[in-house]
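Letters A, B, ... mirror the listed sequences (proteins, then strands); counts begin at 1.
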There are 2 protein chains.
Amino acid sequence: MSRYDPSAFPPFAVTVDLVVLTVRDHELCALLVKRGEAPFQGYWALPGGFVRLDEGLAEAASRELAEETGLRAQSLPGSLPVGRAPAGAHLEQLATYGHPQRDPRMRVVSVAYLVLAPDLPSPRAGGDASSARWAPVRELFGEEREERNDGVLLAFDHGQILADGVERARSKIEYSSLATAFCPPEFTVGELRRVYEAVWGVVLDPRNFHRKVTGTPGFLLPSGGTTTRQGGRPAQLFKAGGATVLNPPMLRPEA
Amino acid sequence: MSRYDPSAFPPFAVTVDLVVLTVRDHELCALLVKRGEAPFQGYWALPGGFVRLDEGLAEAASRELAEETGLRAQSLPGSLPVGRAPAGAHLEQLATYGHPQRDPRMRVVSVAYLVLAPDLPSPRAGGDASSARWAPVRELFGEEREERNDGVLLAFDHGQILADGVERARSKIEYSSLATAFCPPEFTVGELRRVYEAVWGVVLDPRNFHRKVTGTPGFLLPSGGTTTRQGGRPAQLFKAGGATVLNPPMLRPEA
DNA sequence: GTGATTATCGTCAGAGAGACGACTAAGATC
DNA sequence: GATCTTAGTCGTCTCTCTGACGATAATCAC
């Protein structure tokens, strides 16, 4: 840092890209927007945009999130990598991508953020519904993926960013209470279990899951009410407790 | 991304900062360099520097690492956040810091990388030995920390970056075999245990530790030889095995 | 009511961790 | 050389947690 003339620094563009995940219909889904212009015109991409010179990175991510989804998200001062949005969505920094050729137009460094949100009404992208969608992650990475265009699924390196975000989410719900970020403010143990099942793509034993989550101090707080919105016997409603780390963690089944 | 004229993007400076950790004398230490110029002249700071327009982020981190320590480190193509340097050092992306005022001169976004290295000879910073040192992490964060200058320990937000890097290292050796990155190519179980003890700042039971690490498939490979360099009964020498994730993890003692 | 569905409680066996005793094999000291 | 010290290695016991799975409870659809 001392070898350079600070007034002659190499100029970069800095963007934020958002991996917005939610659970819809037992499936982990990611928010994608359709690009209206070159490069990658017509491709699906992660929502995102340029960071302004007077805003922080998390702040820019919150702003883009609000613009693309209407989700209000708290922008945190400084460069703290983790935050919690008031609407229940969770926002945290994922990683930064800066391959010199990742954008053919210029040198762009993109700071990716991961957003975990409860199931939302259908997306809007600046009011244009046809240009945004919730894409099931399985479709994008499973064997049944329909390759698009010249074999590239997403614009730029967004396929890699999305994969990294999905992997982060999958591993993070193991040892943190973040799975509750996919749930509405009040939820049942069964609903939380279906979140785990959707994110991990596995089936969990309802009895062991119930014992585990209700037995972990601070994970769940009984909210008093019950609901039958899932059918069957009425289930207790819970809110997310104060605990953020789970010790011992939830164990993702092998294989 | 579609709302802006790409030719009029806001210009940022992008730097990499390195959190280089090693274990020396039973203590976790971080590499610091002394700043020779304003701002924060005379303060200790993390090594780092500007990213060039034609190099990737990990590549820039490797280059800076080599310049500051002589450690050769493999630069990875693209934006892959994790890599392994040939000299045995581990390099991975940590987080990105971009508060608008984090550098008083201009808008700088810094991508921090975490480097875990075996104990190295004393550092050199471009040949000037007095301007680089291994600082015990305990001195920087413990109660006994001697506040420097106007109460700020490190230049810029490097105190926060270092704290994040230390926390990443502490948690990552729980569920990965990365602790071996602090060891020479061949090491004993006791040496590995002392790494855990230094990084976590705890004392571990040698017998349980031995059972755990030798019983985890793929963690350690017997290299055949023995050594008495620690005194006492000769110990078997091991190399790092192929496993990268430990399941079940090493457990960091409570409290 | 009957059956389907979901929630919740209980039991049992096995894996793994913490505590700690016991033994081994080298160098250091007398 | 006898003894001490240091570290390494093997075992044992107990407790906790998990996975497998039986049993019961409370609602809805018919």
Nearest-angstrom distance from the residue atom [atom1] of [X] to [atom2] of [N]:
| X | N | atom1 | atom2 | value |
| --- | --- | --- | --- | --- |
| Glu191(B) | dT6(D) | CD | P | 18 Å |
| Leu192(B) | dT9(D) | CG | C1' | 16 Å |
| Leu246(A) | dT18(D) | CG | C1' | 15 Å |
| Phe209(A) | dT6(C) | CZ | C1' | 15 Å |
| Asn208(B) | dC15(D) | CG | P | 16 Å |
| Gln230(B) | dT24(C) | CD | P | 23 Å |
| His26(B) | dA7(D) | NE2 | C1' | 12 Å |
| Arg252(B) | dA17(C) | CZ | C1' | 17 Å |

**Report entry** Validation row, ring centre Tyr196(B) to ring centre Phe209(B) under 6.0 Å
**Finding:**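 Distance test on ring centres: under 6.0 Å, yes.
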Requested in this report: Let me see the working for Leu251(B) and Tyr175(B) under side-chain contact (heavy atoms from CB on, under 4.5 Å), right down to the final yes or no.
Outcome: CA-CA 8 Å; Leu251(B) 290 183; Tyr175(B) 58 88; over 6 Å; no
Query raised in the report: With sugar-phosphate meaning primed atoms plus P, OP1 and OP2, does Arg229(B) contact a base, only sugar-phosphate, or nothing at under 4.0 Å between heavy atoms?
Result: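 Touches nothing.
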Query raised in the report: Under 4.0 angstrom, heavy atoms only, what part of the nucleic acid is Arg194(A) near: base, sugar-phosphate, or nothing?
Result: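 Arg194(A): backbone/sugar contact only, no base atoms under 4.0 Å.
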Query - Test item: Leu237(A) and Arg229(A) side chains (from C-beta on) under 4.5 Å apart, heavy atoms - result: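 Heavy-atom side-chain distance check passes, below 4.5 Å.
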Query raised in the report: In Å, rounded to the nearest 0.5 Å, how long is the span from CG of Leu204(A) to CE of Met250(A)?
Result: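 Going from CG on Leu204(A) over to CE on Met250(A), the span is 6.5 Å.
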Requested in this report: With DNA chain C as reference, determine whether Asp205(A) or Gly231(A) sits nearer its 5' end, using the nearest nucleotide of each.
Outcome: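 Of the two residues, Gly231(A) wins.
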Query raised in the report: For His210(B) and dT9(D), is the shortest distance between a side-chain N/O and OP1 or OP2 below 4.0 Å?
Result: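 True: His210(B) side-chain N/O within range (under 4.0 Å) of dT9(D) OP1/OP2.
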Report task. Look at the side-chain N and O atoms of Lys212(A) and state whether any lies under 4.0 Å from the OP1 or OP2 oxygen of dT18(D). Result ->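 Lys212(A) to dT18(D) OP1/OP2: side-chain N or O found under 4.0 Å.
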Query raised in the report: Of Thr228(A) and Arg193(B), whose closest DNA chain D nucleotide lies nearer the 5' terminus?
Result: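 Going by which nucleotide is closer to the 5' end, it is Arg193(B).
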Requested in this report: May I ask you to check if Arg170(A) and Trp200(A) form a cation-pi contact, with NZ or CZ under 6.0 angstrom from the six-membered ring centre and within 45° of the axis?
Outcome: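 Geometry flag: not set, cation outside 6.0 Å or 45°.
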Considering only [options], which nucleotide approaches the side chain of [X] most closely?
| X | options | value |
| --- | --- | --- |
| Pro234(A) | dC21(D), dA26(C), dT27(D) | dT27(D) |
| Arg211(A) | dT18(D), dA7(C), dG8(D) | dT18(D) |
| Pro206(A) | dT8(C), dA17(C), dC21(D) | dT8(C) |

Query raised in the report: Ignoring hydrogens and angles, does a donor from either the side chain of Arg233(A) or the base of dA7(C) sit under 3.5 Å from an acceptor on the other?
Result: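 Indeed there is one.
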Report task. Using only heavy-atom distances, decide whether a donor-acceptor pair under 3.5 angstrom links the side-chain of Arg207(A) to the base of dG22(D). Result ->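 Pair found.
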